[in-house]
Amino acid sequence: MIRALMTAGLLAALLLPGSTLAHHGWSEYDTSKALTLTGVIKDSGYEHPHGHISLEAQGKTWQVILAPPSRMENRGLSKTGLKPGNSVTVMGYPNRGKPEEMRAERITVGGKTIELR
């Protein structure tokens with residue numbers, strides 16, 4: 001019994017750092033520089049850990065990091081709202097090291113604004 005618990009604990013300890021490293025930290029986004037972009041969705045993903053869109057705005061393609069799908073769904077943003085071709089406005093913060101990536105705080109789709117954080 002003790003050996004099984006120790007083995008389970010060891011496995012958990014080995015797996016946890018990998019999942020932590022796969023997730024980015026929010027500190028890589030500059031919250032002192034708010035951005036508001038309006039454009040057309042070129043591509044989207046509605047999966048964990050965060051949804052995302054490729055947004056054609058201001059003459060370039062932005063990678064926009066959204067909230068987890070469960071939060072978006074609970075707040076009224078379904079997968080169909082992020083369909084390529086839809087026009088959206090996003091407000092958020094730029095990535096410090098990736099000039100065409102931002103973390104969205106809110107998104108407006110079809111006249112409805114959804115708070116993501």
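Side-chain atoms are counted along with the backbone in the values below, which use heavy atoms only and exclude waters and symmetry mates.
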What is the distance from atom CD1 of Ile107 to atom CD1 of Ile114, rounded to the nearest 0.5 Å?
-> 7.0 Å

Just how far is it from atom CZ of Arg71 to atom CG of Leu116, taken to the nearest 0.5 Å?
-> 8.0 Å

Side chains of Leu55 and Leu37 in contact at under 4.5 Å (non-hydrogen atoms) = yes

List the steps and the verdict of side-chain contact (heavy atoms from CB on, under 4.5 Å) for Glu101 and Ile65.
-> CA-CA 8 Å; Glu101 180 180 294; Ile65 308 300; 4.1 Å; yes

Side-chain donor or acceptor of Arg106 paired with backbone N/O of Arg117 under 3.5 Å | no

With side chains defined as the heavy atoms from C-beta onward, is the minimum distance between Thr36 and Val90 less than 4.5 Å?
-> no

Is there side-chain contact between Thr61 and Glu100, with heavy atoms separated by less than 4.5 Å?
-> no

With a 4.5 Å heavy-atom cut-off, do Pro68 and His50 have their side chains touching?
-> yes

Shortest non-hydrogen contact between Ala67 and Met72, atoms and distance = O-CE, 3.3 Å

Is there a chain of hydrophobic side chains (I, L, V, M, F, W, Y, each step under 4.5 Å between heavy atoms) that links Tyr29 to Ile53?
-> no

Kindly say whether Glu56 contributes a backbone atom to a donor-acceptor pair with the side chain of Trp62 at under 3.5 angstrom?
-> no

How far apart are the closest heavy atoms of Leu66 and Ala104, and which atoms are they?
-> CD2-CB, 3.9 Å

Around atom NZ of Lys79, are there more than 12 heavy atoms of other residues, nucleotides or ligands at under 6.0 Å?
-> no

Just by distance, with hydrogens left out, do Gln63 and Ser54 show a side-chain donor and acceptor under 3.5 Å apart?
-> yes

Does one hydrophobic cluster hold both Met91 and Leu82, with members joined at side-chain heavy-atom distances below 4.5 Å?
-> no

Have Thr108 and Thr89 got a donor and an acceptor in their side chains that come within less than 3.5 Å?
-> no

Is Asn86 reaching over with its side chain to a backbone N or O of Ile41, donor-acceptor style, under 3.5 angstrom?
-> no

4.5 Å side-chain heavy-atom contact, Ser78 and Glu73 = yes

Using the salt bridge (Lys or Arg N to Asp or Glu O under 4.0 Å) rule, take Glu105 and Arg103 through it: C-alpha gap first, then chi angles, then the decisive distance, then the call.
-> CA-CA 7 Å; Glu105 291 292 310; Arg103 177 190 94 191; 2.4 Å; yes

Is any side-chain heavy atom of His52 closer than 4.5 Å to a side-chain heavy atom of Tyr46?
-> no

Supply the atom-to-atom distance Lys112 NZ to Arg75 CZ, rounded to the nearest 0.5 angstrom.
-> 12.0 Å

On a heavy-atom basis, the closest approach of Pro69 and Gly51 is CD-N, 4.4 Å

Determine whether Asp30 and Arg96 make a side-chain contact, defined as any pair of heavy atoms from C-beta on separated by less than 4.5 Å.
-> yes

